[in-house]
Amino acid sequence: MPVEEFVAGWISGETFFFLLSHHPQWWITSWGRLASSAWREGPHSLHLLVTTGALGLVLGHPFDTVKVRLQTQNTYRGIVDCMVKTYRHESLLGFFKGMSFPIASIAVVNSVLFGVYSNTLLVLTATSHQERRAQPPSYTHVFIAGCTGGFLQAYCLAPFDLIKVRLQNQTEPRAQPGSPPPQYRGPVHCAASIFQEEGPRGLFRGAWALTLRDTPTLGIYFATYEWLCRQSTPDGQNPSSATVLVAGGFAGITSWVTATPLDVIKSRMQMAGLKQREYQGMLDCMVSSARQEGLGVFFRGLTINSARAFPVNAVTFLSYEYLLHSWG
Ligand SMILES: C[N+](C)(C)CCCC[C@H](N)C(=O)O
């Protein structure tokens with residue numbers, strides 16, 4: 001089984017910088033150093049691509065926090081109201097709650113997604129990544145391979161995503177003397193408390209909704225990416241960097257448009273069991289949310305999430321393609 005796709009997915013998901021850089025000062029200075037050396041070496045430098053992957057995730061996280069809050073809390077009137085309240089009560093740091101686990105896990109998740117996708121295509125079409133420009137796979141095969149990757153990555157993502165959502169929803173300001181501490185002190189404490197209270201299954205709360213969200217929509221993700229690349233690339237040639245960026249960005253948005261209804265349900269199920277109400281199951285969550293808040297509830301957070309999805313997915317595809325290309 002070719003492993004390059006797993007490795008390229010891993011690096012484009014990009015974690016090792018996080019492991020090296022527990023300290024924000026280190027992060028900022030080393031990113032600055034890498035970016036400036038990459039600038040000198042030219043825009044195709046690996047450093048630049050890899051660090052922009054991480055940077056995209058960091059810069060995208062505040063948008064994600066606003067999205068999650070709009071989806072699960074009914075106290076905000078809209079994007080601006082949520083931003084203002086978060087900033088007033090929790091300062092800028094409030095937007096970065098729950099960020100460490102996504103950064104630590106995105107590499108594993110992307111590695112599984114891209115690795116399984118490419119190897120499923122290999123099984124279906126008997127072509128390797130390098131051969132696929134000359135012999136492009138059908139969109140049906142691309143879709144099936146994307147769904148397979150999406151299905152398997154959902155299981156790796158589920159516990160990390162649960163902890164992210166729980167931490168993003170803690171609206172307490174940073175510990176001030178005398179004020180009650182938030183329920184979870186950090187990602188590890190959050191994981192440990194869920195494990196203690198609900199056992200290992202507790203960590204997979206909402207996992208079904210997540211799997212249903214990701215399986216078809218990651219098929220759409222890869223099919224959109226392939227379609228957009230082929231539209232603007234002459235037959236048999238590799239797409240240009242600009243094409244990859246635009247196709248990756250729109251693939252991200254398209255797949256999020258289709259994923260948002262189940263994303264809302266997934267986030268609500270993950271929050272169930274805390275202050276909010278319990279649901280009997282996914283269907284109950286859908287029906288009661290729609291009854292109480294109207295059908296618009298299924299598109300909560302879509303605008304802000306699309307603004308985040310474009311740059312994040314543009315960079316992911318660019319580094320993935322670039323890495324595979326440079327390994328020949
Ligand atoms: C399938 N679904 C739409 C859920 C996600 C597709 C894009 C995944 C990417 N890591 C991101 O965070 O944007």
Side-chain angles (χ1 to χ4, degrees), residues 13-15 17-19 21-24 27 54 57-58 60-76 82 85-87 89-110 112 153-177 179-211 213-214 263-279 282 285 301 305 308:
E14 166 359 276
T15 290
F17 278 95
F18 169 76
L19 298 175
S21 62
H22 253 24
H23 304 286
W27 175 277
L57 204 95
V58 174
H61 194 78
F63 294 86
D64 192 70
T65 302
V66 173
K67 177 201 88 171
V68 167
R69 289 183 175 194
L70 288 175
Q71 290 180 339
T72 53
Q73 303 189 21
N74 287 327
T75 46
Y76 305 112
C82 176
K85 284 187 178 145
T86 303
Y87 181 72
H89 297 147
E90 303 159 60
S91 84
L92 265 189
L93 287 173
F95 294 96
F96 290 95
K97 285 181 179 168
M99 190 176 70
S100 53
F101 267 30
I103 293 191
S105 63
I106 184 77
V108 184
V109 172
N110 271 8
V112 171
Q153 64 97 48
Y155 275 90
C156 309
L157 179 63
F160 295 111
D161 194 66
L162 171 73
I163 287 152
K164 175 191 79 97
V165 168
R166 294 265 172 114
L167 293 174
Q168 284 176 316
N169 270 318
Q170 296 201 123
T171 49
E172 289 85 356
R174 288 220 124 197
Q176 281 160 357
S179 65
Q183 182 173 7
Y184 304 122
R185 290 194 295 273
V188 177
H189 178 239
C190 177
S193 351
I194 297 175
F195 190 86
Q196 264 161 18
E197 281 155 30
E198 301 174 52
R201 286 195 57 183
L203 289 170
F204 286 85
R205 206 181 251 276
W208 260 115
L210 185 72
T211 311
R213 180 196 81 173
D214 280 6
D263 189 45
V264 175
I265 302 306
K266 181 266 327 165
S267 303
R268 292 183 171 208
M269 309 268 310
Q270 287 174 325
M271 288 309 288
L274 287 181
K275 285 168 249 166
Q276 268 103 343
R277 52 160 300 182
E278 262 308 340
Y279 299 107
M282 223 157 40
C285 178
N305 199 23
R308 169 195 165 276

Mind running side-chain contact (heavy atoms from CB on, under 4.5 Å) on V66 and T86 for me, showing each step along the way? CA-CA 9 Å; V66 173; T86 303; 5.6 Å; no
Measuring from [X]:[atom1] to [Y]:[atom2], what's the distance to the nearest 0.5 Å?
X	Y	atom1	atom2	result
I163	I194	CD1	CD1	5.0 Å
I103	K164	CD1	NZ	12.0 Å
D161	D263	CG	CG	8.0 Å
Q73	N169	CD	CG	4.5 Å
M271	E278	CE	CD	12.0 Å

How far apart are the closest heavy atoms of [X] and [Y], and which atoms are they?
X	Y	answer
Y279	C285	CD2-CA, 3.6 Å
V112	C156	CG2-SG, 3.9 Å
T65	F95	OG1-O, 2.9 Å
K85	T75	NZ-O, 3.3 Å
F204	Y155	CE2-O, 3.7 Å
P102	H61	CG-CE1, 4.4 Å

Might you work through the side-chain contact (heavy atoms from CB on, under 4.5 Å) test for D64 and K67, ending with a clear yes or no? CA-CA 5 Å; D64 192 70; K67 177 201 88 171; 3.7 Å; yes
Are the side chains of M269 and L210 in touch, meaning some heavy atoms are under 4.5 Å apart?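 Answer no - side chains too far apart.
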Hey, which of Q71, Q270, R213, M282 is the one that makes side-chain contact (heavy atoms from CB on, under 4.5 Å) with I265?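 When Q71, Q270, R213, M282 are each tested with I265, the side-chain contact (heavy atoms from CB on, under 4.5 Å) holds only for M282.
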Answer yes or no: is there a donor N or O on one side and an acceptor on the other, between the side chain of R205 and the main chain of A272, under 3.5 Å? yes
For the side chain of Q170 and the backbone of Y184, is there at least one donor-acceptor N/O pair under 3.5 Å apart? yes
Pick out which of Q168, E172, E90 makes a side chain to side chain donor-acceptor pair (under 3.5 Å) with K97. E90
